Protein chains: 2
Amino acid sequence: MARQAKYEELRQELLAEMAGSAPHTPLPTEREISARHGVSRNTVRQALDALETSGSVYRVQGAGTFVAPPVVSKSLALTSFSEDMRERDLVPASRLLAAETVRAGRQIAERLGIAPDAEVVRVSRLRLADGSPMCLENVHLPADRVPGLAREDLSGSLYALLTERYGLQIRSAEQVVRAVDLDETESALLGVPVGVSGLRVQRVGLDRRDTPVEATTTLYRADRYDIRFTVRRSRP
Amino acid sequence: MARQAKYEELRQELLAEMAGSAPHTPLPTEREISARHGVSRNTVRQALDALETSGSVYRVQGAGTFVAPPVVSKSLALTSFSEDMRERDLVPASRLLAAETVRAGRQIAERLGIAPDAEVVRVSRLRLADGSPMCLENVHLPADRVPGLAREDLSGSLYALLTERYGLQIRSAEQVVRAVDLDETESALLGVPVGVSGLRVQRVGLDRRDTPVEATTTLYRADRYDIRFTVRRSRP
DNA sequence: CCCCCGGATTGGACGGTACCAATCTGGCAG
DNA sequence: CTGCCAGATTGGTACCGTCCAATCCGGGGG
């Protein structure tokens, strides 16, 4: 029995109600939703806050709350490769290239906030979408937080494994995106001609205490992949 | 006199207070901040909400609120080229390549949500950082919303011009990032060898009603530029 | 010495109310 | 018919209070 918050329940109800509505259709006023659903206006506003940040509605003071036009960018949220691919209607798969325990080294150590001579588990995988290569993934995790990881089944979602086996939850991540030229090895693995460009995403996954849990470098084929997200003005 | 909200004032005060603090230092409890600053706990929570989404603090139920470790990614927010460069400690500049009124065409029309034969203003600029080329920028705006734009001074911030001259405010934007191979013209303008890769960012700027205001395609030099941002898990 | 458990503490959720600021609308004046 | 202004409407800010759930800490038992 997953007892969930009222505003979360309300959020889903509102989302369902406006599923068929045309963009810019006004929602009921906050006071009306409040009365109709038998919750306080505070709770209504919490639900609407969530819908606003997810890009489902927009609000104009004095005017009302409206259904937002559909967006191209679905992946503003943190997703695993598997989730990401399924959202693009592709079937994810994985081929394990390496899984070993090594010294962190300067760069990885800095990204994970640990000592350079500390041990890390390195998992290298070629990830496939609909059977053909999509990206090269290189994950580093502090060894003391994931004992025995290298001997686990690494064919599926690593995030799921971290949660279920080790109780590690990644709540946010910092990403650095850059365009790079692929070298010979990379091109061969990804199945593209030498010299074409690739999209490199360096990510540091953080738990709810903003402590680094994993550092991942992913190299995407530029011809098959793009990154979509929404940005907002912070303070006007 | 810009009368600002209390929670906004409180946010800035808290940000200043914790400026020198080490990461993971606990802030006072919400009830304590409330009492000390003479505001309600609700208001405190609003201020902390803002600090949390900006990545300045993190909260753990039952434990407290803590100073978040510094992040690599500063540019989670929507910024103009000028702001972006200044944040990277570079001096922005601009060279106007073209400013004309043309038919939208299918692709631009779709991005702006207008008719394909509608008129748009196209502004093409080479943008410089510390005197050398950083990116090629190609902006399209619906002509009827920015009459006479082509004859304005386009050497500075376009966003500022849109706000001051036309009252258009871009509140959010959807971005699609992809790695591409530069062609000869592009390479020449950017001052890089032919065949190296570039980072292409396609952006649609939206006003507070989520209506498209501008569609921009920016081509960055891969060797000088990266994109940094933070993503969060939406619902656990 | 370590482990477990219960109470105190802290953030999270929810209720209610009041007033403000931006917007919209309808009616009146021109 | 057009333009403007006053009042109603709507979201935004702020206050109060109550209870819940996760965490932390210290004391007691092994």
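Just so it is clear, the structure is predicted and the values come from calculations on it, not from any experiment. Order of the sequence lines fixes the chain letters, A, B, ..., with proteins taken first and strands second; residue numbering starts at 1 for each chain.
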Rounded to whole Å, CD of A/E30 lies from P of C/dA18 at a distance of 18 Å
Nucleotides 22-26 of chain C: which of its N/O atoms have a protein N/O under 3.5 Å away?
from, atom 1, to, atom 2, distance (Å)
C/dT23, OP1, B/R208, NH1, 2.5
C/dT23, OP1, B/R208, NH2, 3.1
C/dC24, OP1, B/R209, NH2, 2.9

Checking contacts here: which listed nucleotide (C/dG11, D/dA14, D/dG12) is nearest the side-chain heavy atoms of B/Q46?
D/dA14
Could you tell me the separation between the CD1 atom of A/I33 and the P atom of D/dT10, rounded to a whole number of Å?
11 Å
With a 4.0 Å cut-off on N to O distance, would you call A/R36 and A/E17 a salt bridge?
no
Considering only heavy side-chain atoms of A/T29, the closest of D/dG11, C/dT10, C/dC14 is D/dG11
Quick test of your reading of the model: are A/R228 and A/E87 salt-bridged, counting only N-O distances below 4.0 Å?
no
Donor-acceptor pair, distance only, cut-off 3.5 Å: does the side chain of B/S34 make one with the backbone of B/V39?
yes
Sorted by position of nearest nucleotide on DNA chain C, 5' first, the leading residue of A/T43 and B/G64 is B/G64
I'd like to know if the side chain of B/S54 pairs up with that of B/S56 as donor and acceptor (distance under 3.5 Å, no hydrogens or angles considered).
yes
To the nearest angstrom, the CG-C1' distance between A/D49 and D/dT13 comes to 12 Å
A/R111 pairs by side-chain contact (heavy atoms from CB on, under 4.5 Å) with which of A/Q202, A/R106, A/E174?
A/Q202
When the distance from CD of B/E9 to P of D/dT13 is rounded to whole Å, what number comes out?
14 Å
What is the distance from atom CD of A/E32 to atom NE2 of A/H37, rounded to the nearest 0.5 Å?
10.5 Å
Heavy-atom nearest nucleotide on DNA chain D for B/G38 versus A/E32: which residue maps closer to 5'?
A/E32
Phosphate OP1/OP2 of D/dG12: any A/R45 side-chain N/O under 4.0 Å
yes
Result for 5'-nearest mapping on DNA chain C, choosing between A/K6 and B/L27, is B/L27
Charged N to carboxylate O below 4.0 Å: is that the case for A/R88 and A/D84?
yes
Would you list the protein and nucleotides 16-18 of chain D atom pairs, both N or O, that sit under 3.5 Å from each other?
from, atom 1, to, atom 2, distance (Å)
D/dC16, N4, B/N42, ND2, 2.8

Grab the NE2-C1' distance between B/H37 and D/dA14 for me, whole Å please.
16 Å
Before accepting this row, confirm whether a basic side-chain N of the pair B/R171/A/E52 lies closer than 4.0 Å to the acidic partner's carboxylate O.
no
Residues B/S40 and B/N42: side-chain donor-acceptor under 3.5 angstrom:
no
A/R11/A/E8 ion pair, N-O < 4.0 Å:
yes
With a cut-off of less than 4.0 Å, is there a side-chain N or O of B/T65 near OP1 or OP2 of C/dG11?
yes
For B/L48 and D/dT13, what is the distance between atoms CG and C1' respectively, to the nearest whole Å?
16 Å
Separation of D/dA21 C1' from A/Q4 CD (nearest whole Å)
16 Å
Rounded distance in Å - OH (B/Y58) to P (D/dT23):
13 Å
